[in-house]
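I have placed the structure first, in the form of structure tokens, so that the comments after it can refer back to it.
Naming convention: chains lettered A, B, ... in sequence-line order (proteins, then strands); numbering from 1 in each chain. For clarity, every value in this text was computed on a predicted model and none was experimentally measured.
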Protein chains: 2
Amino acid sequence: MSAERAEALSKQFKAIADPNRLRLVSLISSSAENEACVCDLTEPLDLGQPTVSHHLKILVDAGILHREKRGVWAYFSIVPGALDVLAGVLTEPK
Amino acid sequence: MSAERAEALSKQFKAIADPNRLRLVSLISSSAENEACVCDLTEPLDLGQPTVSHHLKILVDAGILHREKRGVWAYFSIVPGALDVLAGVLTEPK
DNA sequence: GAGCTATATCGACGGTTGTCAATGTATGGG
DNA sequence: CCCATACATTGACAACCGTCGATATAGCTC
């Protein structure tokens, strides 16, 4: 694996290598419409609103979450296939 | 996903969420006998020997690598199935 | 417009991380 | 025993990270 590819992949792995961000991804992907807004995510994680926004931004910047603003709310959803790419790296044939 | 499970999983994801450690795992799993010693890994990563030992220890502590000392050399190999567990979390993040 | 609400951003704080130089520990050869 | 080799450990350092409180921005309602 090249140093450049390792650097790029590590950015995405770092994004999900946090317990709260793992739970955010889990909460969003298991929600009704496969999306959630910040106000839905603050309470189950027991974190402040700025902290949740911060974590969501990291996941969006890493290309794992998609952010869509509708009215006052910001809805976050999993980018299709994003997690599959990372899973593929871990199951890669030697 | 419970906070406890997220915490445990994040420890393993943190272990591979580093470019040099990703390359270590890649180098080991693609080597001839699926194992490598520290002296084989120092040069391709362009890192000092203490730094490589440090990264390998993190991967061993996370349960991703197995360490076996034979004579003066320490051989590291991938723990069977360890990466598949992480890949499974990403493909079905309930 | 004023006021409220949802979200983002900023600044600061303690804690963690990656790296290196120096040193320690074990193993094998002579 | 002496010494070289392979690896681990320690201590230090700057950089980064997660969290919070305060504040800013944007959209809705009246």
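- Following rounding to the nearest Å, Leu56(B) (CG) and dT19(C) (P) show an atom-to-atom distance of 12 Å.
- Once rounded to the nearest 0.5 Å, the distance linking OG of Ser31(B) with CZ of Phe76(B) reads 12.5 Å.
- Going from atom CG of Leu41(B) over to atom C1' of dA8(D) covers 15 Å, rounded to whole Å.
- Of the candidate nucleotides dT19(D), dC20(C), dT7(C), dC20(C) has the atom lying nearest to any side-chain atom of Thr51(B).
- In this structure, His55(B) reaches the dT19(C) phosphate: one of its side-chain N or O atoms is under 4.0 Å from OP1 or OP2.
- As judged by a 4.0 angstrom heavy-atom cut-off over every strand, Ile58(A) is placed among residues touching the sugar-phosphate backbone only.
- Residue Phe76(B) places its side chain closer to dA8(D) than to any other of dA22(D), dA8(D), dT7(C).
- Between the CH2 atom of Trp73(A) and the C1' atom of dA26(D) there is a distance of 13 Å, rounded to whole Å.
- Counting to the nearest Å, the P atom of dT9(D) and the CD atom of Gln49(B) are 11 Å from each other.
- With distances taken from any side-chain atom of Leu47(B) to the nucleotides dT19(C), dT19(D), dT7(C), the minimum falls on dT19(C).
- What separates NZ of Lys69(A) from P of dA8(C) is a distance of 7 Å, to the nearest Å.
- Ranking dG18(C), dT7(C), dT9(C) by closeness to the Ala74(A) side chain, first place goes to dT7(C).
- Between Asp46(A) atom CG and dC20(D) atom C1' there is a gap of 13 Å when expressed in whole angstrom units.
- Within 4.0 Å of Arg67(B), counting heavy atoms only, lie sugar-phosphate atoms of the nucleic acid but no base atom.
- Side-chain proximity of Pro50(A) to the nucleotides dG18(D), dT19(C), dG21(D) is greatest for dG21(D).
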Could you check His55(A) against Arg23(A) for side-chain contact (heavy atoms from CB on, under 4.5 Å), going step by step and ending with a plain yes or no?
CA-CA 11 Å; His55(A) 285 312; Arg23(A) 299 187 74 192; over 6 Å; no
Asn20(B) vs Thr51(B), test: side-chain contact (heavy atoms from CB on, under 4.5 Å). Steps then yes/no.
CA-CA 10 Å; Asn20(B) 287 318; Thr51(B) 303; 6.0 Å; no
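- Distance, Lys14(B) NZ to dT16(C) C1': 9 Å, rounded to whole Å.
- Nucleic acid contact for Arg70(A): none, since no nucleic acid atom lies under 4.0 Å from a heavy atom of the residue.
- For the pair Arg67(B) and Tyr75(B), the cation-pi criterion (under 6.0 Å, within 45° of the ring axis) is not fulfilled.
- Rounded to a whole Å, the NZ atom of Lys11(B) is 13 Å from the P atom of dT16(C).
- Closest approach to the Lys57(A) side chain among dA8(C), dT9(C), dT19(C) is made by dT9(C) (side chain taken as heavy atoms from C-beta onward).
- Checking Ile58(B), Leu24(B), Leu59(B) one by one against Ile16(B), the side chain to side chain contact (heavy atoms under 4.5 Å, CB included) holds for a single residue, Leu59(B).
- Checked against dT19(D), dC28(D), dT7(C), the side chain of Val72(A) finds its nearest nucleotide in dC28(D).
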